[in-house]
Amino acid sequence: MSDKNEVSSLYPPPPPFIQFFTEENSKLFRECGKDEEKLAKCTTKQREQLKYFVKPELPRDGSYRAFGNVWKIKDELPELSQMGIEQLYRKRESVTELENGTTTEVEPSPQDSQSGTNYENKIQESKKLMKSLLLNFLELIGILGVDSSRYEKKLDEIRVIAINIHHLLNEYRPHQSRESLIMLFEEQLEHKRKEMEHINKVCDEVESKLAQL
Amino acid sequence: MTDRLTQLQICLDQMMEQFCGAVNYVDKNHGFEPSNDSEEQMSDPQAHIVEEKEFEKNIDELTTDIILKTRQIMALIDSLPGVDVSAQEQLHRIDSLQKQLIKMEKEKIDAIKRKDALQEKVRTLTQDFTIGINESKTEARLV
């Protein structure tokens with residue numbers, strides 16, 4: 001018995017109103033909806049229960065709390081500047097401007113400004129950041145050797161670089177997901193093709209055998 | 001196996017840990033080397049001082065580890081998928097693959113239909129055959 005109690009304390013029990021979500025009620029809700037007239041015909045108890053079927057409004061300030069963290073309703077990567085971290089790598093806008101003159105035109109769209117378009121640049125930038133991370137660590141070691149009380153500034157710089165790298169990598173994620181999707185599709189296509197070929201081969205064999213009879 | 005980006009981020013975190021470990025090691029085991037000649041060598045009876053040779057060796061190991069990790073990270077960065085394609089190109093590719101997939105699925109269903117028909121044909125054929133054998137047997141017996 002005590003074991004069960006421990007487990008139930010891990011996962012909080014479902015909210016009590018889930019028992020209102022019966023087949024009967026959901027049917028009633030589909031019929032009535034928000035129609036006041038029809039709702040008036042229901043009993044008070046039913047009305048009370050049907051209230052839970054109406055979807056709650058989204059939080060106004062665009063974020064909510066869950067598991068001790070603040071989450072944004074729109075799932076997007078906040079800009080570094082929004083987190084109060086200096087952005088060390090080159091901004092995309094300036095890069096695309098440079099690129100536009102020479103290579104393919106990059107259509108600016110809201111999605112692009114979020115995820116960035118030039119991934120070649122990202123690679124270069126992340127390598128640069130990696131190198132400066134190493135250099136900064138070396139500097140930190142140097143500082144610690146001479147005057148260890150001055151560590152704080154350097155440590156903070158290392159922190160900023162590390163956060164920058166992480167952020168840069170996270171910006172790359174949508175690109176990687178698309179790439180993974182492409183690979184998945186290609187695999188599936190190949191699998192289906194093989195399957196089909198096999199079926200057709202067997203059919204051909206059987207047909208030729210039958211023809212010989 | 002996780003995706004490359006996650007691997008990269010894990011590597012980065014590992015590198016940070018290596019940094020910490022290295023600094024920590026130097027802090028715990030150094031031999032109070034004075035930073036310039038005018039300074040006197042300090043000492044602390046409670047400090048754990050590692051022999052110079054051993055110390056050098058371990059520092060060497062720690063640095064090698066950090067360098068290896070850096071190389072690993074660089075290699076991972078280089079192997080990130082689809083560096084030279086833009087998001088538009090990717091979306092186009094996804095679109096065409098999707099169409100191909102749907103087409104392929106239709107073809108597959110056709111192939112399966114063909115297979116089913118053939119299966120049925122073979123089945124009736126065997127049935128006819130066995131019935132035929134049976135009949136000829138009974139006929140033979142009757143005769």
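Lettering follows sequence order; numbering is per chain, from 1.
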Rounded to the nearest 0.5 Å, what separates atom CG in B:Asp3 from atom CD in A:Gln176?
4.0 Å
Please step through side-chain contact (heavy atoms from CB on, under 4.5 Å) for the pair A:Lys209 and B:Val122, ending with a clear verdict.
CA-CA 11 Å; A:Lys209 281 267 159 66; B:Val122 172; over 6 Å; no
Surrounding CE of B:Met74 (heavy atoms of other residues, nucleotides or ligands, distance under 6.0 Å), is the total greater than 12?
yes
B:Ala117 portion near chain A, given a 4.5 angstrom heavy-atom threshold
neither
To the nearest 0.5 Å, what is the distance between CZ on A:Phe185 and NZ on B:Lys99?
12.0 Å
Show the numbers, then the answer: is there a side-chain contact (heavy atoms from CB on, under 4.5 Å) between A:Lys127 and B:Asp78?
CA-CA 9 Å; A:Lys127 279 189 179 173; B:Asp78 276 330; 2.7 Å; yes
Between NZ of B:Lys106 and NZ of A:Lys192, what distance do you get to the nearest 0.5 Å?
12.5 Å
With a 4.5 angstrom heavy-atom cut-off, could you sort out which part of B:Ile66 is near chain A: side chain, backbone, both or neither?
side chain
Evaluate whether atom CD of B:Glu120 has more than 12 neighbouring non-hydrogen atoms of other residues, nucleotides or ligands under 6.0 angstrom away.
yes
OH of A:Tyr151: more than 12 outside heavy atoms within 6.0 angstrom?
no
Tell me, side chain or backbone of B:Gln98 under 4.5 Å from chain A's heavy atoms, or both, or neither?
both
Quick check on A:Ile182 against chain B: is it the side chain, the backbone, both or neither that has a heavy atom closer than 4.5 Å?
both
A:Leu189 portion near chain B, given a 4.5 angstrom heavy-atom threshold
both
Applying a strict 4.5 Å limit to non-hydrogen atoms, the region of A:Leu169 in contact with chain B is both
Around atom CZ of B:Phe129, are there more than 12 heavy atoms from other residues, nucleotides or ligands closer than 6.0 Å?
no
Which value, rounded to the nearest 0.5 Å, describes the distance between A:Leu155 atom CG and B:Phe19 atom CZ?
11.5 Å
Does the pair A:Tyr172 and B:Leu8 meet the rule for a side-chain contact (heavy atoms from CB on, under 4.5 Å), with working shown?
CA-CA 12 Å; A:Tyr172 192 87; B:Leu8 253 171; over 6 Å; no
Residue among A:Arg193, A:Gln188, A:His191 satisfying side chain to side chain contact (heavy atoms under 4.5 Å, CB included) with B:Met104
A:Arg193
Do you know the tightest heavy-atom contact between B:Leu12 and A:Ala162?
CD2-O, 4.0 Å
A:Glu195 side-chain N/O to B:Lys108 backbone N/O, donor-acceptor pair under 3.5 Å:
no
May I ask you to check whether over 12 heavy atoms, not counting those of B:Lys57, lie within 6.0 Å of atom NZ?
no
Over 12 foreign heavy atoms within 6.0 Å of CD, A:Glu205
yes
Please round to the nearest 0.5 Å and tell me the distance separating atom CZ of B:Arg4 and atom CD of A:Glu179.
10.0 Å
Is the shortest heavy-atom distance from the side chain of A:Leu134 to the side chain of B:Met15 under 4.5 Å?
yes
B:Ile94 versus chain A, heavy atoms under 4.5 Å apart: side chain, backbone, both or neither?
both
Region of B:Val26 in contact with chain A, defined by heavy-atom distances below 4.5 Å
neither
CD of A:Glu24: more than 12 outside heavy atoms within 6.0 angstrom?
no
Checking B:Leu118 against chain A: side chain, backbone, both or neither under 4.5 Å from a heavy atom?
side chain
Any heavy-atom pair between the side chains of A:Lys131 and B:Thr70 that's under 4.5 Å?
no
Run A:Asn170 and B:Gln9 through side-chain contact (heavy atoms from CB on, under 4.5 Å) and show every step you take.
CA-CA 9 Å; A:Asn170 280 334; B:Gln9 289 181 324; 3.0 Å; yes
So that I can tick it off, tell me whether B:Arg93 and A:Glu186 are bridged by a salt bridge, with the cut-off set at under 4.0 angstrom between side-chain N and carboxylate O.
yes
A:Ile199 and B:Ala111 have their tightest heavy-atom pair at CG2-O, 3.6 Å
Within the structure provided, determine whether A:Glu207 and B:Arg114 are in side-chain contact (heavy-atom separation under 4.5 Å).
yes
What's the spacing between A:Leu133 CG and B:Ile73 CD1 if we round to 0.5 Å?
8.0 Å
